[in-house]
Protein chains: 2
Amino acid sequence: MANGAQRSEWTRAVRGFHAGARSDFGSCSFAVVVASSVNGAGGAVPTVLLLCSQGVPNSVIESGERARVQPETTEASRLVETAIQEGLLATLFGRCRVEYEGRAASTLKEGERLVVLKPDGTALVHSDEGQKPVNWQPPGCTHEVQTDGDSLVVRSRRETPEEVLLVEFESVDHVAIFDVTDDHDLSLTGTEEDLRDRILEDPSILEPGFEPRATERQTPAGAVDIYGVDGDGNAVVVELKRRRVGPDAVSQLNRYVESLERDLHAETTVRGFLVAPSVTERASRLLGERGLEFVSLAPSPDT
Amino acid sequence: MANGAQRSEWTRAVRGFHAGARSDFGSCSFAVVVASSVNGAGGAVPTVLLLCSQGVPNSVIESGERARVQPETTEASRLVETAIQEGLLATLFGRCRVEYEGRAASTLKEGERLVVLKPDGTALVHSDEGQKPVNWQPPGCTHEVQTDGDSLVVRSRRETPEEVLLVEFESVDHVAIFDVTDDHDLSLTGTEEDLRDRILEDPSILEPGFEPRATERQTPAGAVDIYGVDGDGNAVVVELKRRRVGPDAVSQLNRYVESLERDLHAETTVRGFLVAPSVTERASRLLGERGLEFVSLAPSPDT
DNA sequence: CGTGCCAGGTGCCTT
DNA sequence: AAGGCACTTGGCACG
C-alpha cells in the first residue's frame with residue numbers, strides 16, 4: 001500500500017489529467033487513470049494507476065498487488081449513486097431481471113443486458129439485439145439505486161403518467177460513470193422541410209402556374225403543409241412526405257381537402273396534391289377514388 | 001513482472017471465473033478480473049488482478065507497478081475488433097464526430113458520446129440527453145473499426161438501403177466488450193391485442209347484441225381489427241387503439257368502412273366503431289361527421 | 001400540459 | 001423485398 005504522501009501525489013495526477021472514469025468490474029470497484037511522469041531523459045512516460053476502493057473509498061492499490069475486495073455490489077451501487085447525484089451518465093452490465101409498469105406493463109426474465117442511465121433521467125435497457133431498448137424510461141425520470149449487498153436494484157420513476165422501471169441485477173459485471181459534455185446539435189438534411197423548400201423555391205415543380213400562399217395553414221382538420229392556388233385560381237392543398245407514402249398519407253390529405261371545401265363554401269374547387277418520392281399501389285388507388293393528385297418529388301434532387 | 005508460471009496461473013483463474021470483461025480506459029488497455037484464492041483459514045479470498053497489455057497483448061502487470069502504455073487508440077481498436085469478430089457487444093465512450101448518409105444525411109460535430117455496437121449489427125450513438133440515439137444504424141449492419149494510431153474510426157454500413165454511419169473519435173476514454181447472452185423475451189401487457197381479447201371475451205362490452213365474426217378481416221383498404229354483426233344484422237367494423245386516439249385513427253376506420261360498403265353492395269349498412277380509452281376533440285368531431293361511433297375501453301380493466 | 005404530426009421512425013407480420 | 005400497421009412509439013412545435 002502506498003504511503004500518504006505517495007497517495008496524495010497520485011491523486012493529484014489523476015485530477016490533473018481529468019481521466020477519472022470510475023468503474024466497477026465484478027465485485028471490485030476501482031478507477032484506472034493514465035498519468036504521465038517524467039523519466040530520466042526528460043520525456044513524458046505514461047503511467048497506469050489502479051485506484052481501488054476496498055471498503056474505504058479511493059484507497060490506492062499498486063498494480064499487481066493482490067487485494068481483498070468486497071465481493072458485493074455495494075461499490076457498484078455507490079458509483080451509480082454518484083452518477084445520479086452529480087449528473088453523470090452511468091452504464092451497467094450484468095445479469096438482471098426487468099419489470100415495467102406504466103402506460104403498459106412488462107416483465108423480462110433473467111438475462112445479461114446493458115443498462116444506461118442518463119443525467120436527463122433517461123433509462124435504457126439494451127439486450128444483445130435490436131436498435132430499440134428492450135425496456136426503457138423516457139427523459140425526466142428520477143433514478144434510484146440501492147443494494148442489499150447481494151443484488152443491485154435500479155429504479156426509475158416518473159409521474160404524468162405514473163411509470164416505474166425496475167432493474168434487478170443478480171450480478172453486476174461492469175459499471176462505469178462518465179461526465180458527458182455534448183454541445184453540438186445534429187444537422188440533418190433530407191427531411192420534409194427540405195422537400196417543402198424545394199417547392200417554395202420553384203413552385204412550378206408541383207405544376208406550372210402554382211402559387212404558394214401559406215405554409216402550415218390552419219384548417220379545422222389540422223395544418224396544411226403548403227396552401228396555394230393554381231393557374232385557374234383554384235385552391236390547392238399540398239401534403240408533403242419525405243418518403244414513399246401509404247394509405248395514411250392519402251387520408252390525411254383528404255381530411256384537409258374536405259375540411260377546406262367546407263370552409264371555403266361550395267363554389268371553390270379545392271385540389272389536393274400529395275408530394276412524395278413514390279406511392280404504394282393501394283395509396284395510389286385511394287388517391288384516384290378521392291380525386292387527389294400525386295407528384296413525385298424527393299427531399300434531395302439526386303434521390 | 002510476474003514469471004511465466006505465475007502468469008499462467010492467473011490466466012487460468014481468469015478463465016475459471018469467466019470474469020473476463022476487457023476494457024480500455026484512456027490509453028491503457030487492460031482486463032480486470034476477480035478471482036478467488038484460498039487463504040490460510042481455508043476461506044475463499046477475492047483477489048483482483050489487473051491484466052494490462054502494453055504493446056504485447058495480455059502481458060501481466062503486478063499491481064502498483066508503473067507501466068508504460070501506448071498512449072494510442074490501437075488497443076481500443078483491437079478490443080472493438082475482437083468484439084466484432086467474436087460476436088460481442090462493445091461500448092465506447094469518448095469525444096467524437098459523427099456522420100451519417102443514407103435515407104437522409106446528417107453531421108454531428110465534436111462531442112462526448114457513448115457508442116454501443118451490438119453483435120446483431122446495431123450501432124447506437126448516445127449523447128447525454130434523450131431516449132433516442134442521436135445517430136444510429138439498424139440491425140444487420142457490418143461494423144468496422146480502424147485507427148491510424150491517432151483517431152479511432154468506427155464505420156457501420158448496410159445495403160438496401162445503402163447507409164453508412166461514421167464515428168470518428170479524437171479520443172477514447174473507455175472501451176469495454178461483453179459476451180452477452182439473453183435468452184428470454186419480453187412479456188408485455190396492455191397492448192392492442194389485450195384490448196381485442198377483452199372484446200372477444202365479452203362482445204357485449206362493445207354493444208349488446210354484437211357478434212364478432214372475424215379478426216384481421218381483409219378489405220381492399222386493409223385489415224379490419226374486428227369484423228362482426230350487430231343485433232339487427234348490420235355489418236360492424238371495429239378499429240382498436242390502446243391509447244387516446246386522434247384524427248388519424250378516425251380516418252383509418254373510415255377507410256375500412258367505406259371499403260366494406262363498396263364490397264358488400266349498397267343494401268348492407270356498415271357501422272364503424274372506434275374503441276379506445278379516450279378520443280381527442282377534433283377526432284370526436286370527425287367521428288360525428290363520418291357517422292362513426294366511439295366506445296371508451298382500455299386494454300386493462302382498471303385503467 | 002394536451003393536440004397534432006413528422007421521423008433516417010422501429011419492429012412485426014403477411015403477401 | 002415491399003406493404004401495411006402497432007408502438008410504453010419519441011420528439012417537436014403550437015395553442
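The chains referred to below are lettered A, B, ... by the order of the sequence lines, with proteins before strands, and numbering in each begins at 1.
- The interatomic distance linking A/Trp136 (CH2) with C/dG9 (C1') rounds to 13 Å, in whole Å.
- Between B/Leu186 atom CG and D/dT8 atom C1' there is a gap of 10 Å when expressed in whole angstrom units.
- If you check the side chains of A/Tyr256 and A/Glu239, you find no donor sitting under 3.5 Å from an acceptor.
- Between the CG atom of A/Asn135 and the P atom of D/dG10 there is a distance of 12 Å, rounded to whole Å.
- Here A/Glu216 lies out of heavy-atom contact (under 4.0 Å) with every strand.
- Distance B/Arg243 CZ to D/dC5 P: 17 Å, rounded to the nearest Å.
- In this structure, B/Pro138 reaches the bases: a heavy-atom distance under 4.0 Å links it to at least one base atom across the strands shown.
- For C/dC5, the OP1/OP2 oxygens have a side-chain nitrogen or oxygen of A/Tyr256 closer than 4.0 Å.
- Contacts of B/Arg255 with the nucleic acid, taken as non-hydrogen atoms under 4.0 Å apart, involve only primed sugar atoms and P, OP1 or OP2.
- One cannot find a donor-acceptor pair under 3.5 Å joining the base of C/dG11 and the side-chain atoms of A/Gln131.
- Between C/dG9 and A/Arg244, no contact under 4.0 Å exists linking OP1 or OP2 to a side-chain N or O.
- Comparing the same atom, C1', in C/dA7 and in D/dA6 gives a spacing of 16 Å after rounding to whole Å.
- When rounded to the nearest whole Å, the span between CG of B/Leu274 and C1' of D/dC5 equals 15 Å.
- Counting distance only, with no hydrogens placed and no angle test, the side-chain atoms of A/Asp248 and the base atoms of D/dG4 include no donor-acceptor pair under 3.5 Å.
- Computed from coordinates, the A/Asp225 CG to D/dA13 C1' distance equals 14 Å when rounded to whole Å.
- Within the nucleic acid shown, A/Ala221 comes within 4.0 Å of sugar-phosphate atoms alone, with no base atom in reach, counting heavy atoms only.
- Residue B/Asp197 contributes atom CG, which lies 15 Å from atom C1' of D/dA6 at whole-angstrom precision.
- Phosphate contact (OP1/OP2 of C/dG8, side-chain N/O of B/Ser106, threshold under 4.0 Å): absent.
- Among the protein residues, A/Gly130 comes within range of the sugar-phosphate backbone only, with heavy atoms under 4.0 Å from sugar or phosphate atoms but none that close to a base.
- Residue B/Gln137 places a side-chain atom within donor-acceptor reach of the base of C/dG8, judged by atom type and a 3.5 Å distance cut-off alone.
- Contact between the side-chain N/O atoms of B/Gln218 and the OP1/OP2 oxygens of D/dG4 is not found at any separation under 4.0 Å.
- The phosphate of D/dC7 (OP1 or OP2) has no side-chain N or O of A/Lys132 nearer than 4.0 angstrom.
- Between A/Arg242 and C/dG9 there is a side-chain polar atom (N or O) within less than 4.0 angstrom of OP1 or OP2.
- When rounded to the nearest whole Å, the span between CD of B/Glu281 and C1' of D/dG15 equals 14 Å.
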